[in-house]
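Let me begin by presenting the structure, written as structure tokens, before commenting on it.
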Protein chains: 2
Amino acid sequence: MNREPRDEKEFLDAYDSKAYPSIALTADLVVFAVAGGVLHAAMVRRGGHPFKNALALPGGFVGPHESAEQAAYRELAEETGLDLGRLPVHVEQLATYSNPDRDPRMRVVSVAHLALLATDGQTLPNISASTDAAAAAWHPVHGVLHGTELAFDHTTILTNGLDRLAGKMEYTTVAARMLPEEFTMTQLRTVYEAVWNTTLAAGNFTRKMLPQLEDTGRKSKASIGAPAALFTATDRHIHPPLAKPASK
Amino acid sequence: MNREPRDEKEFLDAYDSKAYPSIALTADLVVFAVAGGVLHAAMVRRGGHPFKNALALPGGFVGPHESAEQAAYRELAEETGLDLGRLPVHVEQLATYSNPDRDPRMRVVSVAHLALLATDGQTLPNISASTDAAAAAWHPVHGVLHGTELAFDHTTILTNGLDRLAGKMEYTTVAARMLPEEFTMTQLRTVYEAVWNTTLAAGNFTRKMLPQLEDTGRKSKASIGAPAALFTATDRHIHPPLAKPASK
DNA sequence: GTACTTGTTGTCAGCTTGATAATAACGAAT
DNA sequence: ATTCGTTATTATCAAGCTGACAACAAGTAC
């Protein structure tokens, strides 16, 4: 059966770090933001081969003294030019992609992360500020997934990121992380509709969400129509979950 | 701001693989099986420092030409002696643990996996067959988590594995992967009770599960009491989800 | 047979859901 | 100031689901 040593730590004690071919570890990012009722993802356009001119997810190497999550935050700041000290952002680990052939040049293992940026639902955060050629730009997610070919296995990663967000929104209030501190019920519903790519009945949505939110007592100044109540949200479980409509 | 190159792939083109300190990549396993109404996990006892004599999760290095998932399957076979060709087993990726200090000796990044073994609910798969000193043995999960200190960050990993399984059982039929091809409703309910560490009303459980299962028409030969119908399950979504009781 | 155990089906009040309507609050046009 | 268009919030109602629990069915042990 030709067994290897079973205890990884015992193995490590005798491990010569030059003996194994080195594995490069990167942190890639699926960065989402909602504007105009459409879910957008930050993507960079590749300048060199392979996959020249194709769109790719932002990301970069994990440094020797940082965790993958720390690297994700750092890369997010570097590649988008966002001031993370000011802009609230939710980052969570998505999955790790380790297929030996996923990069044709060498062994690269990527820890993908999901990042959610807060917007007012109208304008996307400005990520073109960076002078770098590979600066990130926003692309509509549902459009990109139906047509565009992404570099490497990034179509899979983007799809998994979307599925993760869509699923998590069923049973948590994470959608509120994509809005300002205070938001209206309609803004929150728009986030759901953008991510799920569907429409939801406003009345029933309010009834279901209301117990999960905190009413600030303040009202939004609407340019037209009735003023809407402003809510805040703390990360919370929705129980029973909000059902995502089946079709589409 | 001292920026790094933004495009990981461009960086790689100029990357000298000896320039960075190598990162060792391992695949660790949270292996679950239910017996006697109790959820068990396979653990190895460490022989050397650090964490000498402490319990640890099975796992090992990811080889140069295999994915983390392939390594997980291989390590599962090697460390437990299980014949995976015969025994059905469900393996899915859990999360990646990359804190730079998680191993005091060197940089080890671990891709943790969740593995579910099928049992009849009574006897655990024999994993002592291996002659290796670090052979795995079964330990009750809820007991281990309330008291025992595990090596490295394995308490965190084990907790995350349990949470993943408990959560997924709410909205999928994955619990059936811990039972034989054909099983009774009571066997399935016992899996839920073992993982959730609670009790469930038999009648309501049947009502909720019935539409997700396929009735084989066959009956189990019970040693006592009425014979139970035998079901099979395909991986399916439960909608709306099965609610896990709140307390404990 | 009787007692005991286990599995399956039924009942019922209370709650949740989806669809839809009614009401309320505002700006703009007249 | 009244009306209209628009948006937000609350109400209504039938259908379905849930949790608690009871009733029934099918086997073994004595």
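Below, read A as the first sequence line, B as the second, and so on, with proteins coming before strands; counting in each chain starts at 1.
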query = Rounded to whole angstroms, how far apart are CG on B:L188 and C1' on C:dG7?
reply = 14 Å
ask   = Any side-chain donor paired with an acceptor under 3.5 Å for A:N99 and B:S67?
value = no
ask   = Between C:dT8, D:dT10, C:dA19, which nucleotide has the shortest distance from any of its atoms to the side chain of A:N204?
value = C:dA19
key: Side-chain (A:E75) to main-chain (A:P58) donor-acceptor, under 3.5 angstrom   = no
key: Nucleotide C:dG7, atom C1' - distance to CG of B:L210 in whole Å   = 13 Å
ask   = To the nearest angstrom, how far is B:F205 atom CZ from D:dA20 atom P?
value = 16 Å
query = B:S223 or B:L242: which one's nearest nucleotide on DNA chain D is closer to the 5' end?
reply = B:L242
query = So, B:T119 side chain and B:V34 main chain: donor-acceptor pair closer than 3.5 Å or not?
reply = yes
request  = Look at the side chain of B:R189 against the base of C:dG7 and say whether a donor-acceptor pair falls under 3.5 Å; ignore hydrogens and angles.
outcome  = no
request  = Please tell me which of the listed nucleotides, C:dT17, D:dT18, C:dT6, lies nearest to the side chain of B:I224?
outcome  = C:dT6
query = Taking NZ from A:K221 and P from D:dA8, how many angstroms apart are they, rounded to a whole number?
reply = 16 Å
query = Quick one: which of D:dA26, D:dT7, C:dT17 gets closest to the side chain of A:P240?
reply = C:dT17
request  = Measure from CG on A:L200 to C1' on D:dT7 and round the result to the nearest Å.
outcome  = 17 Å
Side chain of A:P227 - closest among C:dT9, C:dA25, D:dT9 = C:dA25
ask   = Which one, D:dA8, C:dT9, C:dG7, comes nearest to the side chain of A:A226?
value = D:dA8
Criterion side chain to side chain donor-acceptor pair (under 3.5 Å) against B:E92, the qualifying member of B:R177, B:K168, B:H113 = B:K168
query = Checking all strands, does B:T186 fall into the base, sugar-phosphate, or nothing category for heavy-atom contacts under 4.0 angstrom?
reply = sugar-phosphate
query = The side chain of A:A228 lies closest to which of these nucleotides: D:dT10, D:dT9, C:dG7?
reply = D:dT9
key: Rounded interatomic separation in angstrom, taking CG from B:L230 and C1' from C:dT6   = 15 Å
ask   = Separation of B:K219 atom NZ from C:dT8 atom C1', in whole Å?
value = 8 Å
ask   = Once you round it to whole Å, what is the distance between C1' of C:dT9 and CE of B:M185?
value = 12 Å
task = Tell me which of A:K208 and A:G225 sits closer to the 5' end of DNA chain C, going by the nucleotide each one is nearest to.
result = A:K208
task = Please answer whether the main-chain N or O of B:G59 pairs with a side-chain N or O of B:E79 as donor and acceptor at a distance below 3.5 Å.
result = yes
Donor/acceptor link under 3.5 angstrom from B:R207 side chain onto base of C:dG10 = no
inquiry  = Looking only at the side chain of A:A229 (C-beta and beyond, no hydrogens), which of the listed nucleotides D:dT9, D:dA26, C:dA19 gets closest?
reply    = D:dT9
